[in-house]
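Right, one structure below, let's go through it.
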Amino acid sequence: EILRRTEIRGVPVNEIERQKLKGELENEILVEDNVLQTTVPQELKNISPKRKLEGGGFDYGYKRTPKDVVAIEAAYQATREKMLAGGKDPAKIMSFEAYLAKKTDYIRQTFDGEERWCKIVPFKASKDQLVRYMKYKGYEIPVNVKTKKQTTGKKELIEVYEKTLDPVLRSTIKIRSLGKMCSNDIPNWVPSNCDSDGNGTVHTTFKFDPPSWQLNSSNPNVQNARKHEPNAIDREMALGLRFRKIVKAPPGRCIAEFDKKSFHVTMMGYQARDPLYIKWSRVDMHTLLTSYIVNEPIPLYGEPDLDKIKWVKKHYKVVRDTQGKPLVLGNQLGLGPARLYEANKTYVDEHGKRQIGIESKKRAIWLQGLIAELFPVTAEYKKKIVEQAH
């Protein structure tokens, strides 16, 4: 009943701010795409037309002058004759090649010793084109952890960019982030019943799909409005902060955002019937594990030592965030050591620099052994659940 009333009330969104952000993003995409096209070497761009030959290889371009070019040339010559007849200096008249470049994408290019008409297709940063570019530059092509196939996913692309500072990869990452917000976030948050100041509401639908007893929502997903920026490039564009400006309470109202504390960790302890796990899920499981990782152990039993918890949290924040926290969250998800390592082997610090996190699979195995040793009841429960499923 509470959720139903929440759906009806809606989340306040200002349509004027939404449209303004949409326009800004579309303009930034155009600007960044122009940077991309001028940065990518011409020889790496696709050519049109491109025909596959029966014996292998490709045939490019037109032998005959395209009709578009013929018509443009006729118009150019007619205009040129008029200008000459009017006493225009021939040296000051634009050349046909320059005029053609303004009117069309056609150019003359040599293939197998023969000049032909063709078009240079703009670089679209598809997987094939990016792999071709990275090979051209001599970069190591990223590989997907699960499929072991080459990938140009955003996370992997960012890691290559951080090593190379390549402007093509930078533009590609920016265009992808801007494009996703333009095609996904902005269209999904269209408010209804807007007043003259643009104040309206979006109405989500709450569901109970997740098996962990959490809620989810759709059309739009109001529980995951963009906020945190995972890398330096996205932080520079501040897309999360900019998007959240469209969620705007009308005069006399405010917006509250809240979350359940340690939901996954507590649920794990509940399902395993492990009072010790539940206890530390309510105190600070991440800091507890960190204390054992750095050999400053906090006692498991008795009243929690709050002073030591505070001290460990302050002095070992990086270890807590990059090893302790991923270890605990991965414990609920059943991550193996390989996956735990691959997902957390590096992290981006507060200065935007990538640093070493969990340095090896061996380290991941040790970490998972540590949490199993500290909480044997939960560790045994995990094994039984896998056996039961099997």
Side-chain angles (χ1 to χ4, degrees), residues 140-160 162-163 210-212 214 228 230-231 262-274 276-281 283-298 300 312-313 316-349 353-390:
E140 184 179 351
I141 312 299
V143 175
N144 184 279
V145 177
K146 288 186 177 180
T147 64
K148 306 301 180 187
K149 294 181 179 178
Q150 291 180 339
T151 180
T152 56
K154 184 177 175 181
K155 180 176 180 290
E156 291 81 7
L157 213 57
I158 287 167
E159 291 187 11
V160 178
E162 288 170 350
K163 293 175 184 175
S212 62
Q214 286 178 289
H228 300 295
N231 61 79
S262 309
F263 184 95
H264 292 98
V265 191
T266 309
M267 180 59 69
M268 177 60 135
Y270 169 77
Q271 291 180 335
R273 302 296 189 270
D274 186 348
L276 189 62
Y277 205 88
I278 294 173
K279 168 190 169 181
W280 282 102
S281 74
V283 181
D284 191 336
M285 181 69 85
H286 304 322
T287 302
L288 174 76
L289 265 294
T290 302
S291 75
Y292 284 85
I293 293 170
V294 301
N295 201 25
E296 292 279 359
I298 297 167
L300 275 174
V312 171
K313 192 172 183 178
Y316 295 99
K317 183 180 184 304
V318 172
V319 178
R320 181 185 184 276
D321 292 348
T322 62
Q323 295 188 44
K325 192 171 183 178
L327 172 62
V328 175
L329 297 179
N331 197 49
Q332 280 71 249
L333 299 173
L335 294 190
R339 180 63 179 153
L340 179 64
Y341 160 64
E342 287 292 342
N344 300 284
K345 60 185 178 182
T346 62
Y347 69 95
V348 178
D349 65 17
K353 301 292 184 183
R354 189 164 292 278
Q355 308 287 358
I356 299 296
I358 298 175
E359 69 268 21
S360 65
K361 183 180 173 182
K362 185 177 179 181
R363 177 70 169 179
I365 293 171
W366 180 83
L367 289 169
Q368 291 188 327
L370 173 64
I371 195 170
E373 183 182 342
L374 292 173
F375 299 98
V377 174
T378 296
E380 187 61 29
Y381 165 77
K382 288 174 65 179
K383 290 179 183 177
K384 287 182 178 178
I385 280 293
V386 174
E387 289 168 4
Q388 183 182 338
H390 179 70

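Sequential numbering from 1 along the given sequence is applied to the chain's residues.
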Output a table of donor-acceptor pairs, distance under 3.5 Å, between side-chain atoms of residues 382-390 and any protein atom two or more places apart or on a different chain; print 'none' if there are none.
| unit_1 | atom_1 | unit_2 | atom_2 | d |
| --- | --- | --- | --- | --- |
| K382 | NZ | N331 | O | 3.3 |
| K382 | NZ | N331 | OD1 | 2.7 |

- Of V312, L289, I293, which is the lone residue that meets side-chain contact (heavy atoms from CB on, under 4.5 Å) with V319? I293

- Task: Identify, with sequence neighbours excluded, every residue that meets ring-ring contact (aromatic ring centres under 6.0 Å, His included) alongside F263.
- Result: none

- Which pair of heavy atoms, one from V265 and one from M285, lies closest together, and at what distance? CG1-CE, 4.0 Å

- Does the salt bridge (Lys or Arg N to Asp or Glu O under 4.0 Å) test come out yes or no for E159 and K163, once each step is laid out? CA-CA 7 Å; E159 291 187 11; K163 293 175 184 175; 5.4 Å; no

Can you give each donor-acceptor pair under 3.5 Å made by side-chain atoms of residues 355-373, sequence neighbours left out, with the distance rounded to 0.1 Å?
| unit_1 | atom_1 | unit_2 | atom_2 | d |
| --- | --- | --- | --- | --- |
| Q355 | NE2 | D349 | OD2 | 2.9 |
| S360 | OG | R363 | N | 3.1 |
| R363 | NE | Q323 | OE1 | 3.3 |
| R363 | NH2 | Q323 | OE1 | 3.1 |
| Q368 | NE2 | L335 | O | 2.8 |

- Query: Between S262 (side chain) and S281 (backbone), is there a donor-acceptor pair under 3.5 Å?
  - Reply: yes

- dist I158:CD1 -> E162:CD (nearest 0.5 Å) comes out at 7.0 Å

- side-chain contact (heavy atoms from CB on, under 4.5 Å) involving D321 - partner list, sequence neighbours excluded: K317

- Query: Are any non-hydrogen side-chain atoms of P142 and T152 less than 4.5 angstrom apart?
  - Reply: no

- Task: For K279, check side chain to side chain donor-acceptor pair (under 3.5 Å) against everything at least two apart and list the hits.
- Result: none

- Item | E156: salt bridge (charged side-chain N to carboxylate O under 4.0 Å, His left out) partners, not counting sequence neighbours | none

- Task: Among residues two or more places apart or on two chains, list those pairs meeting salt bridge (charged side-chain N to carboxylate O under 4.0 Å, His left out) that have a residue in residues 323-340.
- Result: none

- Query: Measuring from H264:NE2 to T266:OG1, what's the distance to the nearest 0.5 Å?
  - Reply: 10.5 Å

- Message: Once side-chain contact (heavy atoms from CB on, under 4.5 Å) is applied, do any residues pair with Q271, and if so which ones, sequence neighbours excluded?
- Response: M267, Y381

- Pairing residues for T322 by the side chain to side chain donor-acceptor pair (under 3.5 Å) criterion, not counting sequence neighbours: none

- Message: Applying side-chain contact (heavy atoms from CB on, under 4.5 Å), can you list everything that pairs with P297, at least two apart in sequence or on another chain?
- Response: Y292, N295

- Query: Taking only residues two or more places apart in sequence, or in another chain, which ones meet T378 in a side chain to side chain donor-acceptor pair (under 3.5 Å)?
  - Reply: D274

- Task: Can you measure from CD (Q150) to OG1 (T147) and round to the nearest 0.5 angstrom?
- Result: 10.0 Å

- Those residues at least two apart in sequence (or on a different chain) that pass side chain to side chain donor-acceptor pair (under 3.5 Å) with D284 are T287, R320

- Task: Kindly say whether L300 contributes a backbone atom to a donor-acceptor pair with the side chain of W280 at under 3.5 angstrom?
- Result: yes

